[in-house]
Amino acid sequence: MKRFSFPKSRRLVTNRQFEAVLARKLRVSDGLLTLYMAENDCGYPRLGVSVAKSCGNAVVRNRLKRLLRESFRQSRDEIPAGFDYLLMVSQQWTKKVEQSAGLGKDVKRLTYERVRSSFLALVDTAAKKGAANGG
RNA sequence: AGAGCGGGUCGGACGGUCGCUCCCGCACUUAUUUUAAGGUGUACUAAAGUGAGCUAAAGUUAAAAGUGAGCUAAAGUGAAAAAAUAAUCCACAACUUUAGGCACUUCAAACUUUAGGCACUUUAAUAGGUGCGGGUGAGGAAAGUCCGAGCAGGACAGGGCACGGUGGUGGUUAACGGCCACCCGGGGCAACCCGCGGGAAAGUGCCGCAGAAAACACACAGCCGAUGACCGCUAUAUACGGAACAGGCAAAGGUGAAAAGGUGCGGUAAGAGCGCACCGCAAAGCUGGUGACAGUUUUGGCAGGGCAAACCCCACCGCCUGCAAGACCAAGAAGCUGGUGCCCGGCCCGGGCGUUACCGGCGGGUAGGUCGCUUCCCGAUUCAUCGGGAGAGCUAAUCGGCAACGGUUAGUCAAGUUAAAUGGCCGUCGUCCCGUCAUAAUCGGCGGGAUACAGAACUCGGCUUAUAGGCCCGCUCUUUUA
């Protein structure tokens, strides 16, 4: 298995998988992203992405999803395996952007590095929180 | 050169690196398939048969000749085998044959065949995974889902009414509410643009505010008051004057989108198509045009408000639901109730299905996968292939047509996802704008900014809307130069 590949088996595909992650209720968020985590039996991490219609039109949503996927793909070595991750754009960010200016422009300025650092920080706090709850 | 009109077209490019979708090839790997075939094994099963030893009898002892008794059963031949006469068949020596008995010993041991089962295995097919290599991947609007088709289901998709849509004329097309050409009305000096552009003389309905009045004009304010009546003066009056009772009028005023054609002259008590001229209108005729319509002549003093995007009338068109259509597989479920006819669901005709199974309603359950689906079909095969046919497919050229469009020829086949691929990062360049440096000016150098609208979801033909910045073609007007 190559290091950065991201085949279909590494994604959450069915509705049940999504519901399972949500049911675990391990949720953290910052001003940009919202992350749900749940343990799985696969031995490798899996990702689901959910971007609501309120984030913008189809082009904007596609760009957001690609950024989220990309940050997961290139962070595989830095996050704990054996978890399902469900990434969303947080409502805070959507509201803030709507008020300030045009949504499209802000999405365009939103860089990959910003998303990735936010994602890693969230994973860190979520893992701690999960450990505290579990043990 | 400036201002403008119409149409077409592009909608960033290249490289590096890490990924994604689908397809093809190779390798490895996992699983499934025995209603894909073969092989091996098997004390797995079933059926059928053989079967040693034993007993008895007969026969032969090189072949030939010959013999085949007895008991029982079967087959063949034949009319008959309770006819072994002929023919046929079979057996006959380190024994053979035939027949029989038995269940003593061995004994579901051994062998053969058939059928099935199981296991292993080879090949094959299918599916998944991994790796390597190769190919492939958003738009002019993919959007809105507004029209028109294909396709699918409703048994068939038929007729009428209802309902809905369209609405100048003629073409074009698979079809259209699209497109083209023309007509009419309006706008612009012009290129050109705009128009839901049938019928208000079939009927019904509505017409706010303003205004006297919004539709049998029944006239607010007003004008006249010739004629008749009244009053005054006078002479008793038909003369003169007054008032405005009867009566006449619709010109001027104001309201409005709209108030019984417009302008001028005549005419009158005042007025009026009352008369005349020109314009407008209507009817009839003639000419031109496929037609919408246009031109023209004659006649009529003049029809009669607006709204049909109110109902309606006329002509033409239209069954309904939509790929979440629909088909198959898997999984799952709990029934209850109503009807005897039910269905084509707005209704009728007409038709179809069924006769104890169907159908309707409520409730419950599943909501995963494959196909549809991305050019399709057929054949060949050396397998990223080749050939043929079909497609309202796409792109050129050419011919016909004012054009939309059509014919012919050649080339070409171009994403196929489904929590939804077509991307992330970096570099170089392009285009436009701003600042600055330099220059007579342009070109140019440096720095900064911008690079739109927008993401396929069954497929086509249109329409509409969004769009940074370009490029090309044709045309109009004004100015200057030649």
Side-chain angles (χ1 to χ4, degrees):
Chain A
M1 166 77 69
K2 288 168 81 177
R3 218 177 130 211
F4 293 121
S5 80
F6 185 51
K8 207 173 274 183
S9 57
R10 301 295 152 94
R11 295 182 217 164
L12 302 182
V13 172
T14 63
N15 201 31
R16 284 212 181 122
Q17 290 169 341
F18 274 77
E19 276 169 4
V21 175
L22 290 172
R24 178 67 175 76
K25 289 190 174 170
L26 179 57
R27 171 174 176 278
V28 287
S29 74
D30 61 4
L32 180 62
L33 301 177
T34 301
L35 174 71
Y36 285 84
M37 276 174 71
E39 297 83 355
N40 66 18
D41 304 328
C42 307
Y44 49 79
R46 294 188 299 184
L47 177 73
V49 169
S50 179
V51 177
K53 239 179 190 173
S54 59
C55 295
N57 61 19
V59 172
V60 170
R61 275 180 277 140
N62 265 344
R63 160 123 182 125
L64 285 170
K65 281 190 230 171
R66 283 164 181 160
L67 283 173
L68 296 184
R69 271 207 303 272
E70 195 67 14
S71 58
F72 172 83
R73 183 174 76 82
Q74 299 206 20
S75 312
R76 279 257 312 288
D77 293 349
E78 296 157 59
I79 59 176
F83 280 90
D84 286 339
Y85 300 85
L86 175 51
L87 266 178
M88 308 182 193
V89 175
S90 79
Q91 287 188 355
Q92 284 177 29
W93 188 79
T94 311
K95 276 184 191 165
K96 195 186 80 190
V97 164
E98 256 178 6
Q99 283 167 7
S100 67
L103 202 72
K105 289 230 167 181
D106 267 329
V107 170
K108 211 167 284 169
R109 287 213 193 90
L110 184 65
T111 59
Y112 156 71
E113 272 305 320
R114 168 93 175 76
V115 174
R116 180 159 181 257
S117 61
S118 172
F119 170 61
L120 287 176
L122 280 178
V123 168
D124 200 42
T125 57
K128 279 177 193 163
K129 194 174 167 188
N133 283 359

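Remember, it's a predicted structure, so these values are computed and weren't measured experimentally. In what follows, chains carry the letters A, B, and so on, assigned in the order in which the sequence lines appear, proteins first and then strands, with residues in each chain numbered from 1.
Here B:U287 sits opposite B:A294 as a Watson-Crick or G-U wobble pair (both hydrogen-bonding atom distances under 3.5 Å). Nucleotide B:G133 is matched to B:C24 when pairs are restricted to Watson-Crick or G-U wobble geometry with both distances under 3.5 angstrom. Base pairing of B:A63 is not made with any nucleotide, judged by Watson-Crick or G-U wobble geometry with both donor-acceptor distances under 3.5 Å. Nucleotide B:G345 has no partner under the Watson-Crick or G-U criteria, as no pair reaches both atom distances under 3.5 Å. Summarising the base pairing, B:G11 is matched to no nucleotide, lacking a Watson-Crick or G-U wobble pair whose two defining distances lie under 3.5 Å. Within the shown strands, B:U459 is the pairing partner of B:A149 under the Watson-Crick or G-U definition, both distances less than 3.5 Å. The nucleotide B:G228 finds its pairing partner in B:C245, both defining distances of the Watson-Crick or G-U wobble pair being shorter than 3.5 Å. Using N1 to N3 plus N6-O4 or O6-N4 for Watson-Crick, or N1-O2 and O6-N3 for G-U wobble, each under 3.5 Å, B:U481 pairs with nothing.
Between the CZ atom of A:Arg61 and the C1' atom of B:A420 there is a distance of 11 Å, rounded to whole Å. For A:Gln74 and B:C426, the CD to C1' distance is 12 Å, given to the nearest whole Å. Spacing between atom OH of A:Tyr85 and atom P of B:A419 amounts to 23 Å, rounded to whole angstrom units. If you measure from atom CZ of A:Arg46 to atom C1' of B:A419, you get 13 Å, rounded to the nearest angstrom. The separation between A:Lys65 atom NZ and B:U422 atom P is 10 Å, rounded to whole Å. One can place CE of A:Met88 at 16 Å from P of B:A419, the figure rounded to the nearest angstrom. For the pair A:Leu47 CG and B:A419 C1', the interatomic distance rounds to 11 Å; values are reported in whole Å. Nucleotide B:C20 holds its P atom 17 Å from the CG atom of A:Leu67, rounded to whole Å.
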field: Trace of the side chain to side chain contact (heavy atoms under 4.5 Å, CB included) decision for A:Tyr85 with A:Ile79
entry: CA-CA 10 Å; A:Tyr85 300 85; A:Ile79 59 176; 3.7 Å; yes
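Shown here for A:Val115 and A:Ser71, the closest heavy-atom pair between the two residues is CG1-OG, 3.8 Å. Across all their heavy atoms, A:Pro45 and A:Pro80 have their closest contact at CB-O, 4.3 Å. Closest approach of A:Gln74 to A:Glu78, counting heavy atoms only: O-OE2, 4.0 Å.
B:A441 and B:G4 are spaced 31 Å apart, taking the P atom of each and rounding to whole Å. For the C1' atoms, the distance linking B:G318 with B:U408 amounts to 37 Å, nearest Å. Rounded to the nearest Å, the gap between the P atom of B:U464 and that of B:A142 is 13 Å. Nucleotides B:G474 and B:U481 are separated by 27 Å at their P atoms, to the nearest Å. Nucleotides B:U418 and B:G393 place their P atoms 31 Å apart, quoted to the nearest Å. Taking atom P on both nucleotides, B:A143 is separated from B:A421 by 15 Å, rounded to a whole Å. Across B:C209 and B:A257, the matching C1' atoms stand 13 Å from one another, rounded to whole Å. Comparing the P positions of B:G271 and B:C249 gives a spacing of 14 Å, expressed to the nearest Å.
Closest-nucleotide positions on RNA chain B for A:Glu70 and A:Ser50 were compared, and the one nearer the 5' end corresponds to A:Ser50.
Side-chain heavy atoms closer than 4.5 Å link hydrophobic residues (I, L, V, M, F, W, Y) into clusters, and following such links, even through other members, never connects A:Val51 to A:Val59.
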Under 3.5 Å, which protein N or O atoms sit close to an N or O of nucleotides 454-459 of chain B? Give each pair with its distance.
from, atom 1, to, atom 2, distance (Å)
B:G455, OP2, A:Ala58, N, 3.4
B:G455, N7, A:Asn62, ND2, 3.1
B:G455, O6, A:Arg66, NH1, 3.4

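Atom-to-atom distance recorded for A:Phe83:CZ and A:Leu26:CG is 7.5 Å, nearest 0.5 angstrom. Atoms OG and CG, on A:Ser75 and A:Leu47 in that order, are 10.0 Å from each other to the nearest 0.5 Å.
A 4.5 Å side-chain heavy-atom check between A:Leu68 and A:Leu33 finds at least one atom pair inside the cut-off.
Using modelled atom types, no side-chain atom of A:Asn62 and backbone atom of A:Lys65 make a donor-acceptor pair closer than 3.5 Å.
B:A138 shows a glycosidic angle within 90° of 0 and is accordingly assigned syn. B:G140 has its base syn relative to the sugar, with a glycosidic angle deviating from 0 by at most 90°.
Put simply, the side chain of A:Arg69 and the base of B:C20 share no donor and acceptor less than 3.5 Å apart.
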